[in-house]
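Protein chains get the first letters and strands the later ones, always in sequence-line order, with residue 1 at the start of each.
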Amino acid sequence: MRLYLDSSAFAKYYGNVEFEKGTIQFNKIIDQVKGGRHTVFSSYWLIPEVASTIDSWARKKFISKHDKKLLHTRLVTDLLDWLQNGYLVLVGIKYESYLRKDFLQLIMDEGLSPGDTLHIYTALLVEPDYFITADTRQIEVVNSLGMVSFNPEKELWK
Amino acid sequence: MERMLEDLKKKGLHVSSKEAIESLKQLKLEYSADVSINKIREITGRVYKRKKKTLSDEIKNIRRRG
């Protein structure tokens, strides 16, 4: 199957099973991806989004500078591995798309952030079997646009 | 797979290329040795125990704040 991955779901890969909801379901999906059953698509934006979040933890002193470096190292290593093995395809939309009415409507009419919008708009073009996200607001819009969502925090992956 | 990627390119999408892999390889060179996933999960678990925050929730919060 073709799966679209939002950053909020991707971050589950780094979650501690003991504390973070949805980690077991997400790891099940990734095991199947590595077994060749699915291909994951996401926006290039995933990388800066996760990197920025790791940085915010360091700035708030939730983690040390050393831990920040470890998290960044693992992020880059995983994405490189997934890309090289064909588990992940990163997708970029044309810059002109940001000026299109259908892109801007998601921000102005649905109240989505530009980051949410970028993922949803990219997914509409990828046409995934499932849009995987842990963001409930995003799920409402994804479903209203005719895509099928999967929330690893609330559903069981088959 | 190849056909799927060609279809996406026809829609005007830029799909990950050799250049993307080379960029990540360059980034990796700047970091230290490989880090185990268990070490990463120990760090995120520690943050949750102290701050009740997960990386996933933090991504959503940062997006909402813009």
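Checked for salt-bridge contact, B:Lys60 and A:Asp116 miss the test: no charged N lies under 4.0 Å from a carboxylate O.
Every residue two or more places apart in sequence or in another chain was checked for a salt bridge (charged side-chain N to carboxylate O under 4.0 Å, His left out) with A:Glu155, and none qualifies.
Of the atoms belonging to A:Ser56, it is side-chain heavy atoms, and not backbone ones, that fall under 4.5 Å from chain B. Contacts between A:Lys61 and chain B at a heavy-atom distance below 4.5 Å involve the backbone alone (N, CA, C, O). Looking at A:His66, there are no atoms closer than 4.5 Å to chain B (heavy atoms on both sides), in backbone or side chain.
With chain B as the partner, the residue from A:Asp67, A:Asp6, A:Ile63 showing the most heavy-atom pairs under 4.5 Å is A:Asp67.
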Got a list of side-chain donor-acceptor pairs under 3.5 Å for residues 85-97 of chain A, not counting sequence neighbours?
unit_1	atom_1	unit_2	atom_2	d
A:Asn85	ND2	A:Asp81	O	2.9
A:Asn85	ND2	A:Asp81	OD1	2.7
A:Ser97	OG	A:Lys94	O	3.0

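Residues of residues 13-21 of chain A that come closer than 4.5 Å to chain B, counting heavy atoms only, are A:Tyr13, A:Tyr14, A:Gly15, A:Asn16, A:Phe19, A:Glu20, ordered by residue number. Residues of residues 36-43 of chain A having a heavy atom under 4.5 Å from any heavy atom of chain B, listed by number: A:Thr39, A:Phe41.
Although no hydrogens or angles enter the test, the distance criterion places no donor-acceptor pair under 3.5 Å between the side chain of B:Ser56 and the main chain of A:Ala9.
Atom CD1 of B:Ile21 sits about 7.0 Å away from atom CG of A:Leu80, to the nearest 0.5 Å.
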Exercise. Might you work through the side chain to side chain contact (heavy atoms under 4.5 Å, CB included) test for B:Val35 and A:Thr77, ending with a clear yes or no?
Key: CA-CA 9 Å; B:Val35 184; A:Thr77 306; over 6 Å; no
